[in-house]
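Below is one structure; the comments refer to it alone.
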Amino acid sequence: MTSILRSPQALQLTLALIKPDAVAHPLILEAVHQQILSNKFLIVRMRELLWRKEDCQKFYQEHEDSVVSASREIAAFFPDFSEQRWYEEEEPQLRCGLVCYSPEGGIHYAPRTGGLGPA
């Protein structure tokens, strides 16, 4: 799927966590995924992981709803992700250019960025 996104405002990064109850049921997981896409969110990274109960409790205990908190949480889930590089290189392409979606990878990408999706 390819589309062109034109937005006068900079895109913002959002971390979405899907709880184990939804992941355990493929139809529910697919419905959540489709809901994200139908609301025109761009998925720029995706990762599945299994956490121990203690890790979950620590994460939610430290969680705050702020830009700083979101940056810290994104870094925890995607240690190789550079937020600064994303805002400098990928965000302008996704906001103003051609946007593709890779069903295999489950992410959106701009073909010219050399990102994680197919070129």
Side-chain angles (χ1 to χ4, degrees):
M1 171 173 51
T2 303
S3 60
I4 295 177
L5 176 67
R6 302 248 184 249
S7 175
Q9 295 181 318
L11 301 177
Q12 295 179 338
L13 290 170
T14 300
L15 177 65
L17 303 176
I18 301 174
K19 294 185 176 185
D21 296 8
V23 175
H25 302 283
L27 293 176
I28 294 173
L29 180 59
E30 181 58 27
V32 169
H33 190 88
Q34 288 303 316
Q35 188 68 24
I36 291 168
L37 296 176
S38 67
N39 281 287
K40 303 198 185 307
F41 280 91
L42 301 180
I43 302 169
V44 297
R45 301 291 186 279
M46 185 163 60
R47 177 178 174 204
E48 292 182 26
L49 71 113
L50 182 60
W51 260 5
R52 297 174 309 170
K53 184 176 182 177
E54 297 81 24
D55 295 329
C56 294
Q57 289 171 335
K58 182 179 177 188
F59 175 80
Y60 282 109
Q61 182 179 5
E62 295 174 358
H63 177 75
E64 304 168 15
D65 192 16
S66 71
V67 173
V68 173
S69 176
S71 293
R72 185 179 67 241
E73 293 161 4
I74 289 169
F77 283 98
F78 301 96
D80 297 336
F81 179 77
S82 168
E83 188 173 344
Q84 180 179 349
R85 194 185 118 249
W86 185 84
Y87 274 111
E88 290 172 359
E89 298 175 14
E90 293 182 52
E91 188 276 340
Q93 292 293 322
L94 290 170
R95 178 171 32 96
C96 298
L98 189 65
V99 176
C100 297
Y101 177 74
S102 168
E104 298 82 26
I107 63 168
H108 289 88
Y109 64 97
R112 294 180 283 258
T113 63
L116 297 175

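To the nearest 0.5 angstrom, L15 atom CG is 7.0 Å from F78 atom CZ. Put simply, CD1 on I43 and CD1 on I107 are 9.0 Å apart, with the number rounded to the nearest 0.5 Å. Atom OG1 of residue T14 and atom CD of residue E73 lie 11.0 Å apart, to the nearest 0.5 angstrom.
Residues satisfying the ring pair (Phe, Tyr, Trp, His ring centres under 6.0 Å) test with F77, not counting sequence neighbours, are W51, F59. Scanning for side-chain hydrogen bond (donor to acceptor under 3.5 Å, both in side chains) contacts around R52 gives D55, with sequence neighbours left out. By the side-chain contact (heavy atoms from CB on, under 4.5 Å) test, S82 pairs with Q84, R85, sequence neighbours left out.
The two atoms that bring A110 and Q93 nearest to each other are CB-CB, 3.5 Å, heavy atoms only. For the pair R47 and A76, the tightest heavy-atom approach, listed with the atom from each and the gap, is NH1-O, 4.1 Å. Residue S71 comes nearest to E83 through the heavy atom pair OG-OE1, 2.9 Å, listed as atom of the first residue, atom of the second, then distance.
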Practice item. Would you check, one step at a time, whether the test side-chain contact (heavy atoms from CB on, under 4.5 Å) holds for Y109 with L98? Key: CA-CA 9 Å; Y109 64 97; L98 189 65; over 6 Å; no
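Judged by distance alone, with hydrogens and angles left aside, the side-chain atoms of E91 form a donor-acceptor pair with the main-chain N or O of L11 at under 3.5 Å.
In this structure, E54 places its CD atom where more than 12 heavy-atom neighbours from other residues, nucleotides or ligands lie under 6.0 Å away.
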Using atom types as modelled, flag every donor-acceptor pair under 3.5 Å from a side chain in residues 26-39 to any protein atom, sequence neighbours excluded.
residue	atom	partner	partner atom	Å
E30	OE2	Q34	NE2	2.8
H33	NE2	Y101	OH	2.4
S38	OG	Q34	O	3.2
S38	OG	Q35	O	3.1
N39	ND2	Q35	O	2.8

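Residues E90 and R45 are paired through a salt bridge, judged by an N-O separation under 4.0 Å between the basic side chain and the carboxylate.
Looking at V44 and W86, their side chains come closer than 4.5 Å, going by heavy atoms from C-beta outward.
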